[in-house]
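See below for the structure under consideration.
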Amino acid sequence: MHPTEILLSQDQIQKRVAELAAEIRRDFPNDLHLVAVLKGAFVFLSDLVRHMSGHVSLDFMALSSYAKGTTSSGEVRLLKDLDTTLDGKNVVIIEDIVDTGLTLMYLQDILRARNPRALRTACLLSKPSRRQVDAKVEYIGFAIDDRFVVGYGLDYAEQYRNLPYIAVLE
Ligand code: IMP
């Protein structure tokens with residue numbers, strides 16, 4: 001399997017990420033705490049924060065979604081927890097993609113229990129036709145069809161995260 005068609009170009013992604021950053025900052029103009037999900041969200045996060053001025057803090061979590069090939073099994077395991085508390089903070093979860101929604105639902109539930117002042121979610125990509133649970137996502141970069149994509153942080157067997165665009169894997 002290898003990447004074939006480019007689904008979203010570098011320019012398209014950069015433009016949309018700048019818009020999302022502005023939208024999030026409009027909703028949270030003061031203190032903002034971003035929680036990124038490793039590893040897939042690292043590129044999205046790094047571009048996003050560079051479009052935000054003022055007080056922004058970051059933390060990271062790592063989850064394993066027990067992926068079997070290119071489909072998620074629905075089981076989620078916490079591999080790395082946050083370093084700091086969420087108590088009273090305006091938190092936005094930064095995810096690469098929402099597919100079935102199971103990973104996000106799990107994450108939102110555990111983070112909500114830590115008493116943030118606000119909890120929202122930003123995903124660069126969404127595959128609405130694949131949703132199994134109704135995980136709420138306030139900021140979505142692009143809705144895409146049910147195809148397996150790589151690049152811009154997204155991998156297949158740890159490869160292709162470095163591509164500056166998003167491509168379909170066939
Ligand atoms: P969900 O729990 O089914 O929503 O799966 C979310 C996780 O599956 C994402 O954080 C990705 O790690 C992975 N994933 C889902 N679709 C894709 C894809 O098209 N390319 C790469 N990873 C994907």
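Note that ligands are numbered from 1 as they come in the structure, with each ligand's atoms numbered from 1 the same way. We number each residue from 1, following the sequence as shown. We use all heavy atoms of the structure for the numbers below, so side chains are in, but hydrogens, waters and symmetry mates are not.
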Query raised in the report: Do any heavy atoms of Gly101 fall under 4.0 Å from ligand 1?
Result: yes
Query raised in the report: Nearest 0.5 Å, what's the CG-CG distance between Asp96 and Leu154?
Result: 4.5 Å
Report task. Return the option from Leu154, Ile166, Asp99, Val133 holding the heavy atom at the smallest distance from atom 15 (C) of ligand 1. Result -> Asp99
Query - Under 3.5 Å side-chain donor-acceptor pair for Asp11 and Tyr165 - result: no
Query raised in the report: Salt-bridged, Arg131 to Asp134, with N to O below 4.0 Å?
Result: no
Query raised in the report: What orientation do Phe148 and Tyr156 show, parallel under 30°, tilted 30 to 60°, or perpendicular over 60°?
Result: perpendicular
**Report entry** Shortest reach to atom 14 (N) of ligand 1 by a heavy atom, considering only Thr103, Leu104, Val149, Ile97
**Finding:** Ile97
Requested in this report: Could you establish whether Val37 and ligand 1 come within less than 4.0 Å of each other, counting only heavy atoms on the residue side?
Outcome: no
Expected list for residues 137-147: side-chain donor-acceptor pairs under 3.5 angstrom, two or more places apart:
{"residue": "Glu138", "atom": "OE1", "partner": "Thr121", "partner atom": "N", "Å": "2.9"}
{"residue": "Tyr139", "atom": "OH", "partner": "Asp27", "partner atom": "OD2", "Å": "2.7"}
{"residue": "Tyr139", "atom": "OH", "partner": "Arg120", "partner atom": "NH1", "Å": "3.0"}
{"residue": "Arg147", "atom": "NH1", "partner": "Glu5", "partner atom": "OE2", "Å": "3.4"}
{"residue": "Arg147", "atom": "NH2", "partner": "Glu5", "partner atom": "OE1", "Å": "2.9"}

Requested in this report: Report, in ascending order of atom number, the atoms of ligand 1 lying under 4.0 Å from any heavy atom of Arg147.
Outcome: 19 (O)
Report task. State whether Arg26 and Glu23 are salt-bridged, where the test is any N-O pair (Lys NZ or Arg NE/NH1/NH2 against Asp/Glu carboxylate O) under 4.0 Å. Result -> no
**Report entry** ligand 1 atoms in contact with Asp155 (distance to a heavy atom under 4.0 Å)
**Finding:** 21 (C)
Query raised in the report: With a cut-off of 4.0 Å, which atoms of ligand 1 are near a heavy atom of Glu95?
Result: 10 (O)
Query raised in the report: Quick one: does Gln132 get a heavy atom under 4.0 Å from ligand 1?
Result: no
Query raised in the report: Which of these, Val98, Asp146, Leu38, Thr100, has its nearest heavy atom closest to atom 1 (P) of ligand 1?
Result: Thr100
Report task. For Phe60, check side-chain contact (heavy atoms from CB on, under 4.5 Å) against everything at least two apart and list the hits. Result -> Ala36, Leu38, Leu45
Query raised in the report: For atom 12 (O) of ligand 1, which candidate among Asp96, Val168, Ile144 provides the closest heavy atom?
Result: Asp96
Query raised in the report: Taking heavy atoms and a distance under 4.0 Å, where does Lys127 meet ligand 1: side chain, backbone, both or neither?
Result: side chain
Report task. Report the distance from atom CG of Asp81 to atom CG of Leu63, rounding to the nearest 0.5 Å. Result -> 9.5 Å
